Amino acid sequence: MIKDLSPASLIWTTCVFTGFVLSVCLHEFGHALVAYWGGDRSVKEKGYLTLNPLKYTHPTYSIAMPLLFLLLGGLPLPGAAVYINMAALRSRAWRSAVAAAGPLATIGVAGAIALVLHRLSPNYEWVRFQAAAAQQLSLHALTLESWLILGLLLLLTLEVAGAVLNLMPIPGLDGYGILEPWLPGFLQQQMRQFARYGIWILFAAFWLIPDFSRGFWTLVYGLVNGLGAPPEMSSLSFYLFRQGAQVILLILLGIWILFNQWKKRQSPV
C-alpha cells in the first residue's frame with residue numbers, strides 16, 4: 001500500500017486524465033468531421049470543427065462522470081458528445097461512417113501512443129520494479145522516466161478499451177450507430193427507446209456479470225500486448241492512477257459544492 005501521495009502523483013494523474021479527455025475530444029471531432037463531409041453543415045456553425053475542447057466537454061458529463069467510472073471500474077466511458085443532424089446526411093452509408101469515425105479516431109490515438117512507446121524503447125523490467133517498489137514503499141521511488149512510461153501505458157490501455165467499448169452493438173454506443181441505418185425502421189424506433197439506458201446497462205453487465213468483465217479485459221489486454229506493451233504494467237499504472245484520482249474527485253466535488261453555494265448567494269432573494 002502506498003504510504004504517501006506526492007504532488008508528483010497528483011500532477012501525473014491530472015496529466016493522464018487530461019490526455020484521456022483530449023482523446024475523447026478527438027473522438028468527437030472525428031464524428032463531426034465525417035458528418036460535415038456527409039452533408040451536415042451545422043457542425044461547423046456549432047464549432048465542432050475547431051478542435052476546441054470546450055466545444056466537446058461538460059463539467060459533469062466530460063470530467064466528473066468519466067473520472068468516477070474510471071475509479072469504479074476502469075471503464076473509459078464516453079464523456080462528450082456532438083449533436084449530428086442525421087437527416088442532413090446524404091445516405092445510410094454516411095450515417096454509418098459518422099458513427100465509425102469516432103472509434104477510428106480512438107484507434108488512431110492508441111496507435112500513436114504505441115508508436116511513441118516503441119520509439120522510446122523503455123526498459124519495462126526496470127519500470128515494473130520501480131512501480132512495485134512504489135506500491136510497497138513510496139511514490140518517490142519512481143523516476144520521471146517511469147512516470148512517463150506508466151502514463152503512456154495507462155493511456156494506451158484506456159484508448160484500446162474505449163475503442164472496444166464503443167464498438168459494442170449496444171444502443172447509445174457507436175457500434176450500434178454503425179449498424180442502425182441498415183436495420184428495419186420499426187426496429188430502429190424500438191431500439192431508440194433504450195439508447196439513453198445503454199451505458200447503464202453496460203455498466204451493470206460489468207458489475208454483475210464477472211465473465212463479461214473478464215472477457216472484455218482479456219480482449220483489451222491481448223490487444224495491448226499485440227501493440228508491443230506489457231499488459232500487466234497497465235494494472236500497475238491504474239493502481240497508481242486511482243490513488244491520485246480519488247483525491248482529484250474529492251477536490252472537484254468540493255469545488256462543485258462551493259460553486260453552488262456561491263451561486264445561491266449571488267442569486268436575488
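Model, not experiment: these values are computed from the prediction. What you see below is based on every heavy atom in this structure, not just the backbone, and it leaves out hydrogens, waters and symmetry mates.
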S.K.: Of Leu49, Ile84, Val98, which meets side chain to side chain contact (heavy atoms under 4.5 Å, CB included) against Tyr36?
M.R.: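 Testing each of Leu49, Ile84, Val98 against Tyr36, the sole residue satisfying side chain to side chain contact (heavy atoms under 4.5 Å, CB included) is Leu49.
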S.K.: For residues Pro76 and Gly162, report the shortest heavy-atom separation together with the two atoms involved.
M.R.: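 So the two residues come closest at CG-N, 3.4 Å.
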S.K.: Any non-hydrogen side-chain atom of Thr13 less than 4.5 Å from a side-chain atom of Phe241?
M.R.: yes
S.K.: Testing the 3.5 Å rule here: is there a donor-acceptor pair between the side chains of Gln261 and Arg265?
M.R.: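 Judged by distance alone, the side chains do not pair up.
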S.K.: Check the pair Leu120, Leu152 against side chain to side chain contact (heavy atoms under 4.5 Å, CB included), reporting the backbone distance first and the verdict last.
M.R.: CA-CA 11 Å; Leu120 290 174; Leu152 289 173; 3.9 Å; yes
S.K.: Using a 4.5 Å cut-off on heavy atoms from C-beta on, say whether the side chain of Leu22 contacts that of Leu26.
M.R.: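 Contact flag for Leu26/Leu22 side chains = no.
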S.K.: Would you say that Leu150 contacts Trp12 through its side chain, given a criterion of any heavy-atom pair below 4.5 Å between the two side chains?
M.R.: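 Yes - at least one pair of side-chain heavy atoms lies under 4.5 Å apart.
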S.K.: Evaluate whether atom CD of Glu145 has more than 12 neighbouring non-hydrogen atoms of other residues, nucleotides or ligands under 6.0 angstrom away.
M.R.: no
S.K.: Val109 versus Phe20: any side-chain heavy-atom pair under 4.5 Å?
M.R.: no
S.K.: Side chains of Gln188 and Pro171, heavy atoms from C-beta outward: is any pair under 4.5 Å?
M.R.: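 The answer is no; the side chains never approach within 4.5 Å.
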S.K.: Minimum heavy-atom separation for Leu153 to Pro230, with atom names?
M.R.: CD2-CD, 4.5 Å
S.K.: Does any part of the side chain of Tyr48, heavy atoms only, come nearer than 4.5 Å to the side chain of Leu33, both counted from C-beta?
M.R.: no
S.K.: For the pair Phe29 and Val82, evaluate side chain to side chain contact (heavy atoms under 4.5 Å, CB included) and give the outcome as yes or no after the intermediate values.
M.R.: CA-CA 8 Å; Phe29 175 77; Val82 295; over 6 Å; no
